[in-house]
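Here's the structure, in structure tokens; my notes come after.
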Amino acid sequence: LYYGNPFLHMPCSNINQNDIISGGNEKLIKTLIEVDKDYKPESICVFDTCSTALIGDDIKAAINLAQPKCSAKINYIPSAGITAPYLGKAIEETSVNYTEMMHPPENIIPDSVNILGQYKESFCKKRKRGKYPDDAFELTRYIEALNLKLHRVMICGNLEMIKTVPQAAVNVISCPTWGIPMAKKMQELFGTPYLKHSLPTGMESTSRWIRDLAFFMNRQEESEKFIKAETEVIFPLFEKTSNL
């Protein structure tokens with residue numbers, strides 16, 4: 001999943017063949033304490049893999065032993081691919097865990113929108129991180145064309161950003177496999193509504209995505225003006241390529 005972005009630096013417990021036999025909990029505890037000391041983070045997320053899941057390492061127990069020695073709050077995100085018969089189901093079960101780090105909103109920000117299901121890139125509105133603009137870059141353009149405000153893109157950002165995700169007025173979806181389970185859980189926990197259209201591709205699907213959001217936020221006039229202007233720019237190229 002390179003997508004033109006720099007590779008992610010992530011501390012790990014560095015288990016080896018012997019640990020696969022004897023268990024990797026001691027190394028995980030040691031790593032958590034070292035990460036807390038070296039990075040001084042507010043939060044640490046622990047992700048497991050197929051190897052530790054196969055041998056049944058009790059990661060929650062390791063976290064409970066490490067937590068009193070760490071200043072950071074440690075969260076466990078079960079993420080082993082083998083925990084479900086197919087990858088999509090494993091992703092669904094992984095993404096909802098991020099809602100446990102969110103806080104109930106003290107207030108809802110009017111005209112604000114979250115994008116859920118962005119898993120390929122760490123989104124930055126001011127610049128492209130990699131060689132290519134990502135999905136959230138384009139979806140943000142649609143949101144702002146309706147005179148709405150982007151609030152958060154999940155999954156990315158620091159802990160403070162994750163805590164405040166429920167302050168948005170509505171959730172829209174990028175990748176449905178990542179985004180819809182999280183949206184459903186946020187609706188259950190915080191009452192945040194969500195729109196089901198996802199991954200708009202092509203003029204018809206994209207127009208439907210924009211109109212769906214515009215109808216919910218009462219921005220129909222803005223949406224029709226935007227769609228008309230975009231179509232006028234795109235259609236000659238669309239017609240030309242359709243005939244190739």
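Position 1 is the first residue of the sequence; numbering continues from there.
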Distance-only side-chain donor-acceptor flag, Tyr98 / Asn75, under 3.5 Å:
no

Hey, what do you get for CD (Gln118) to OG1 (Thr140), rounding to the nearest 0.5 Å?
8.5 Å

For the NZ atom on Lys184, are there more than 12 heavy atoms of other groups (residues, nucleotides or ligands in this structure) within a distance under 6.0 Å?
no

Check this for me: does any side-chain nitrogen of one of Glu160 and Arg152 sit under 4.0 Å from a carboxylate oxygen of the other?
no

Could you check if a side-chain atom of Ile162 sits within less than 4.5 angstrom of a side-chain atom of Met154, using non-hydrogen atoms only?
yes

Taking the side chain as everything from C-beta on, heavy atoms only, tell me whether Leu148 gets closer than 4.5 Å to Ser112.
no

Between Asp48 and Ala53 (side chain of the first, backbone of the second, donor and acceptor by atom type, cut-off under 3.5 Å), is there such a pair?
no

Derivation and outcome, side chain to side chain contact (heavy atoms under 4.5 Å, CB included), residues Met182 and Thr99
CA-CA 7 Å; Met182 191 185 300; Thr99 61; 3.9 Å; yes

So, are Glu224 and Lys228 salt-bridged, with charged N and O less than 4.0 Å apart?
no

Linking I/L/V/M/F/W/Y whenever their side-chain heavy atoms sit closer than 4.5 Å, directly or via other members, would Ile29 and Ile15 fall into one cluster?
no

Using a strict threshold of under 4.0 Å (side-chain N to carboxylate O), is an ion pair present between Lys163 and Glu42?
yes

Would you say that Thr164 contacts His103 through its side chain, given a criterion of any heavy-atom pair below 4.5 Å between the two side chains?
no

Between Leu32 and Val35, is there shared hydrophobic-cluster membership here, with clusters defined by ILVMFWY side-chain heavy atoms closer than 4.5 Å?
yes

Can you measure from NZ (Lys185) to CG (Leu116) and round to the nearest 0.5 angstrom?
14.5 Å

Common cluster, Tyr194/Phe215, ILVMFWY with side-chain heavy-atom separation under 4.5 Å:
no

Residues Val113 and Met217: closest non-hydrogen pair is CG2-CE, 4.5 Å

Could you walk me through whether Lys225 and Glu222 satisfy the salt bridge (Lys or Arg N to Asp or Glu O under 4.0 Å) test, starting with their C-alpha distance in whole Å, then the side-chain angles of each, then the deciding distance to 0.1 Å, before giving a yes or no?
CA-CA 5 Å; Lys225 285 181 180 177; Glu222 290 92 334; over 6 Å; no

Could you state the interatomic distance from CG (Asn171) to NE2 (His151), rounded to the nearest 0.5 Å?
9.5 Å

Non-hydrogen side-chain atoms of Leu139 and Trp209 separated by less than 4.5 Å
yes

What is the distance from atom CG of Asn14 to atom OG1 of Thr31, rounded to the nearest 0.5 Å?
8.0 Å

Evaluate Arg141 against Phe226 for side chain to side chain contact (heavy atoms under 4.5 Å, CB included), listing each step before the verdict.
CA-CA 11 Å; Arg141 194 170 73 86; Phe226 178 65; 4.0 Å; yes

Measure from the side-chain N and O atoms of Asp57 to the backbone N and O of Ile59, and report whether any donor-acceptor pair falls under 3.5 Å.
no

Heavy-atom pair with the smallest gap, counting every atom of Asn114 and Met186:
ND2-CE, 4.3 Å

Please examine the side chains of Leu189 and Met102, heavy atoms only from C-beta on, and report whether any two atoms are closer than 4.5 Å.
no

Between Asn64 and Lys60 (side chain of the first, backbone of the second, donor and acceptor by atom type, cut-off under 3.5 Å), is there such a pair?
yes

With side chain to side chain contact (heavy atoms under 4.5 Å, CB included) as the test, would you mind laying out the steps for Cys45 and Met101 before giving the verdict?
CA-CA 10 Å; Cys45 289; Met101 289 183 270; 3.8 Å; yes

Give a yes or no on whether Trp178 and Ile77 share a hydrophobic cluster (residues Ile, Leu, Val, Met, Phe, Trp, Tyr; joining criterion: side-chain heavy atoms under 4.5 Å apart).
yes

Take Arg211 and Ile227, measure what side chain to side chain contact (heavy atoms under 4.5 Å, CB included) needs, and give me the verdict at the end.
CA-CA 9 Å; Arg211 286 187 175 115; Ile227 291 168; 3.7 Å; yes

Is it true that Lys30 and Glu34 have a side-chain N and a carboxylate O under 4.0 angstrom from each other?
yes

For Ile108 and Pro166, the nearest pair of non-hydrogen atoms, with its separation, is CD1-O, 3.5 Å

Inspect the contact between Arg219 and Asp111 and indicate whether a charged nitrogen and a carboxylate oxygen are less than 4.0 angstrom apart.
yes

Check: Leu195 and Phe216 side chains under 4.5 Å, non-hydrogen atoms
yes

Can you tell me how far CG of Asn16 sits from OG of Ser22, rounded to the nearest 0.5 angstrom?
8.0 Å

In the structure I gave you, are the side-chain heavy atoms of Lys73 and Ile44 within less than 4.5 Å of one another anywhere?
no

Will you find, in the side chains of Gln187 and Thr192, an N or O donor that is under 3.5 Å from an N or O acceptor?
no

All heavy atoms of Ser223 vs all of Ala214, minimum pair found to be CB-CB, 3.4 Å

Mind checking whether Val46 and Tyr39 sit in one hydrophobic cluster, side chains of I, L, V, M, F, W, Y counted as touching below 4.5 Å?
yes

Derivation of the side chain to side chain donor-acceptor pair (under 3.5 Å) call for Asn97 and Tyr76:
CA-CA 8 Å; Asn97 287 280; Tyr76 174 37; over 6 Å; no

State, to 0.1 Å, how close Thr201 and Ser205 come at their nearest heavy-atom pair, and which atoms those are.
O-CB, 3.3 Å

Sub-4.5 Å side-chain heavy-atom contact between Ile33 and Lys37:
no

Looking at every heavy atom in both Leu159 and Ser43, which two are closest together, and how far apart are they?
CD2-CB, 3.5 Å

Rounded to the nearest 0.5 Å, what separates atom CD1 in Ile115 from atom OG in Ser174?
7.0 Å

